[in-house]
Undergrad: 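Take this structure first; my questions come after.
Both backbone and side-chain heavy atoms feed into the values below; hydrogens, waters and symmetry mates do not.
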Amino acid sequence: SAYAEGAADVRSCLDFVRSMRKTSVRPGPREPRFEPKAPADAVLPGDAAPPSSTSGAVRGAIDSLVQGSLVELFQAYSVALAPQPRSAREPLPKPAEICAVIGFNHGTPKRAGKLTLSLSAPVLGLMKVELGSTRQVDWARELCNQLMGRIKNRMLQFNVRLQAGLPSSIDRKLLEEQQRGAPPARAYLGRTLRGDVLVTLDGMPHEAELVYVGPSVVANEGETIFF
């Protein structure tokens, strides 16, 4: 009958399905995933060294403020000065014939430092200023004092208070001998139309110690202060 034939067809389909299950390929054991391991001496993110305490804004701050102070000082007397990249090499560039020096200290306990300025007579002659009876060596001392004052004001933004002494003249050969026997100082060279200006600076705080606290309000040269 038709019913018997249909049932036979169903049984044959079920037998075929059972046979396929028996012969189907089952997945074998899963192969272990290859995960590269870091070397034993590798620095993992959790073990990374802490970043330097000197931020990008502070790094190079002393060079920038010294060079900026030097440029502004000469600009105040109508002299264009082009600062050159700072060097800390031995030996330092030889100073010019007119030299001045000023000492300073800072910190607790006090740490001493020194700023020197050397330039030639032709460079001094570029300055738009009436010297009168003032000698060039005296004027060089005053320039050294003004440069120290500008650096001192700019260091206030890092909460560093420099206490400067009085400027004095120094013989070029004596200055050269002192620099030869001392640790390398920061040397800043500026070029003018009549010659170079050399500034050396030692005893400043390390830039890693600087913490920016914000701009300080100080009077500019020529500004009237009312009491």
Undergrad: Is E72 salt-bridged to R150, going by a charged N under 4.0 Å from an acidic O?
TA: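 Salt bridge flag = yes for R150 with E72.
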Undergrad: V197 and side-chain contact (heavy atoms from CB on, under 4.5 Å): which single residue from V79, L147, V123 fits?
TA: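 Considering V79, L147, V123, a side-chain contact (heavy atoms from CB on, under 4.5 Å) with V197 is found only for V123.
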Undergrad: What pair of heavy atoms forms the shortest contact from G60 to E207, and how long is it?
TA: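 Where G60 meets E207 most closely, the heavy atoms are N-OE1, 3.0 Å.
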Undergrad: Rounded to the nearest 0.5 Å, how far apart are CZ of R194 and CE of M127?
TA: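 Result: 12.5 Å between the selected atoms.
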Undergrad: For atom NZ of K128, decide whether the heavy atoms of other residues, nucleotides or ligands shown that lie under 6.0 angstrom number more than 12.
TA: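 Not more than 12 within 6.0 Å, no.
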Undergrad: Would you call Q157 and P215 a side-chain contact if the rule is heavy atoms closer than 4.5 Å?
TA: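 Side-chain contact under 4.5 Å: no.
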Undergrad: List for me each residue that meets side-chain hydrogen bond (donor to acceptor under 3.5 Å, both in side chains) alongside D171, sequence neighbours excluded, and say none if there are none.
TA: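 Applying side-chain hydrogen bond (donor to acceptor under 3.5 Å, both in side chains) to D171 gives none.
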Undergrad: Quick one: does T200's side chain get under 4.5 Å of Y188's, heavy atoms only?
TA: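 A side-chain contact is absent here, since even the closest heavy-atom pair is not under 4.5 Å.
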Undergrad: Using the rule that Ile, Leu, Val, Met, Phe, Trp and Tyr join whenever any side-chain heavy atoms are under 4.5 Å apart, tell me whether L175 and I102 fall into a single cluster.
TA: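 No, it is not one cluster - the side chains of L175 and I102 are not joined through contacts under 4.5 Å.
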Undergrad: Restricting to side-chain contact (heavy atoms from CB on, under 4.5 Å), what partner residues turn up for N159, sequence neighbours left out?
TA: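 By the side-chain contact (heavy atoms from CB on, under 4.5 Å) rule, N159 matches V213.
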Undergrad: Please name the pair of heavy atoms, one in A185 and one in L201, separated by the smallest distance, quoted to 0.1 Å.
TA: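 Closest heavy-atom pair between A185 and L201: CB-O, 3.6 Å.
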Undergrad: Is there a side-chain contact between I170 and Q178 in this structure, where contact means two heavy atoms from C-beta onward sitting under 4.5 Å apart?
TA: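 SC-SC contact between I170 and Q178 confirmed.
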Undergrad: Does any part of the side chain of Q163, heavy atoms only, come nearer than 4.5 Å to the side chain of F104, both counted from C-beta?
TA: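 No, their side chains stay 4.5 Å or more apart.
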Undergrad: Looking only at heavy atoms, which two atoms of R111 and P205 are closest? And how far apart?
TA: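 Reported closest heavy-atom pair: NH2-CB, 4.1 Å.
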Undergrad: Which distance, rounded to the nearest 0.5 Å, do you find between the CZ of R135 and the CG of L131?
TA: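 One finds 12.0 Å between CZ of R135 and CG of L131.
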Undergrad: Between atom CG of L119 and atom CG of L198, what is the distance when rounded to the nearest 0.5 Å?
TA: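 One finds 10.0 Å between CG of L119 and CG of L198.
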Undergrad: What closest approach, in Å, do M204 and L162 show between heavy atoms, and which atom pair accounts for it?
TA: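 So the minimum-distance heavy-atom pair works out to SD-CD1, 4.2 Å.
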Undergrad: Can you tell if the side chain of S69 reaches within under 4.5 Å of the side chain of Q146, non-hydrogen atoms only?
TA: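 Counting from C-beta outward, S69 and Q146 never come under 4.5 Å.
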Undergrad: Should L73 and V101 be counted in the same cluster of Ile, Leu, Val, Met, Phe, Trp and Tyr side chains packed under 4.5 Å apart?
TA: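 No.
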Undergrad: Any idea which heavy atoms bring A96 and S118 closest together, and the distance?
TA: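 Looking at all heavy atoms of both residues, the shortest contact is N-OG, 3.4 Å.
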Undergrad: Please identify which of these residues, R186, H206, R154, R86, meets the side-chain contact (heavy atoms from CB on, under 4.5 Å) condition with I62.
TA: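 Single side-chain contact (heavy atoms from CB on, under 4.5 Å) partner of I62 among R186, H206, R154, R86: R186.
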Undergrad: Is it the case that one hydrophobic cluster holds both L193 and V129, taking links as side-chain heavy atoms less than 4.5 Å apart, direct or via other members?
TA: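 L193 does not cluster with V129.
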Undergrad: Hey, are the side chains of V211 and F158 touching, using non-hydrogen atoms and a 4.5 Å cut-off?
TA: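 When only atoms from C-beta onward are counted, F158 and V211 do not touch, as no gap falls below 4.5 Å.
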Undergrad: Can you tell me how far the CG atom of L117 sits from the CD atom of E142, to the nearest 0.5 Å?
TA: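 Separation between the atoms: 11.5 Å.
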Undergrad: Which atom pair, heavy atoms only, marks the closest approach of S169 to R141?
TA: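 So the two residues come closest at OG-NH1, 3.1 Å.
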Undergrad: Quick one: CG on L81 to CG on L189, what's the gap to the nearest 0.5 Å?
TA: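 Nearest 0.5 Å value for the CG-CG distance: 8.5 Å.
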Undergrad: For the pair H106 (side chain) and G203 (backbone), establish whether a donor and an acceptor sit closer than 3.5 Å, ignoring hydrogens and angles.
TA: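 Yes, the answer is positive, given that a donor and an acceptor are paired below the 3.5 Å cut-off.
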Undergrad: Nearest 0.5 Å please: distance from the CG atom of L70 over to the CG atom of L65.
TA: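 Answer rounded to 0.5 Å: 11.5 Å.
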Undergrad: Without swapping roles, check the side chain of E97 against the backbone of A121 for a donor-acceptor pair under 3.5 Å.
TA: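 A pair under 3.5 Å: yes.
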